[in-house]
Amino acid sequence: MFLHIGAEIVIPMTDIISIVNLDNSLSKITKEFIHGKQKQERVIYISESNQKSLVVTKDCLYITPISTNTLKKRARFGVL
């Protein structure tokens with residue numbers, strides 16, 4: 001199965017490790033994790049504005065404008 005995470009990006013469900021809500025209450029560790037991946041150029045921004053969710057995969061991080069609830073529903077029902 002695949003998960004549509006915004007724009008025209010679809011990733012295999014087997015590659016997804018976690019989906020995290022991007023709000024102002026991110027922990028220091030999460031912020032450091034994202035910053036480290038940015039230094040490695042392993043962060044893909046689906047949209048520069050309206051960033052709602054962080055999708056963590058085996059290879060990189062995707063920052064998407066789609067909410068975690070919507071992504072969860074899509075993953076549950078196998079919606080592309």
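The first residue of the sequence shown is numbered 1, and numbering continues consecutively from there.
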Are the side chains of I46 and P65 in touch, meaning some heavy atoms are under 4.5 Å apart? yes
Do the side chains of V20 and F33 join up, straight or via other hydrophobic residues, at under 4.5 Å, putting them in one cluster? yes
From the list L54, V43, V55, side-chain contact (heavy atoms from CB on, under 4.5 Å) partner of Y62 resolves to V55
State, to 0.1 Å, how close R74 and L3 come at their nearest heavy-atom pair, and which atoms those are. CB-CD1, 3.4 Å
For the residue pair K52 and T70, establish whether any side-chain heavy-atom pair is separated by less than 4.5 Å. no
Separation between CG (D15) and NZ (K58), nearest 0.5 Å, reads 5.0 Å
Output for pair (L26 CG, N21 CG), nearest 0.5 Å, gives 8.0 Å
Does a side-chain heavy-atom distance below 4.5 Å link I5 with I19? no
Nearest-0.5 Å distance that lies between atom NZ in K72 and atom OG in S67: 11.0 Å
Keeping the roles fixed (side chain from S53, backbone from I66), state whether a donor-acceptor pair exists under 3.5 Å. yes
M13-I17 co-clustered via ILVMFWY side chain contacts under 4.5 Å: no
Is I11 reachable from V56 through a run of hydrophobic residues whose side-chain heavy atoms are each under 4.5 Å from the next? no
Nearest-0.5 Å distance that lies between atom CD1 in I16 and atom CE in M1: 12.0 Å
Separation of H35 NE2 from Q40 CD (nearest 0.5 Å): 11.0 Å
What one should report as the nearest heavy-atom pair of Q51 and Y45 is NE2-CD2, 3.4 Å
Is Q38 close to I34 at the side-chain level, that is, under 4.5 Å between some pair of heavy atoms? yes
What is the distance from atom CD1 of I9 to atom OG1 of T64, rounded to the nearest 0.5 Å? 8.0 Å
Can a donor-acceptor pair be found between the side chains of S25 and D23 at a distance below 3.5 Å? yes
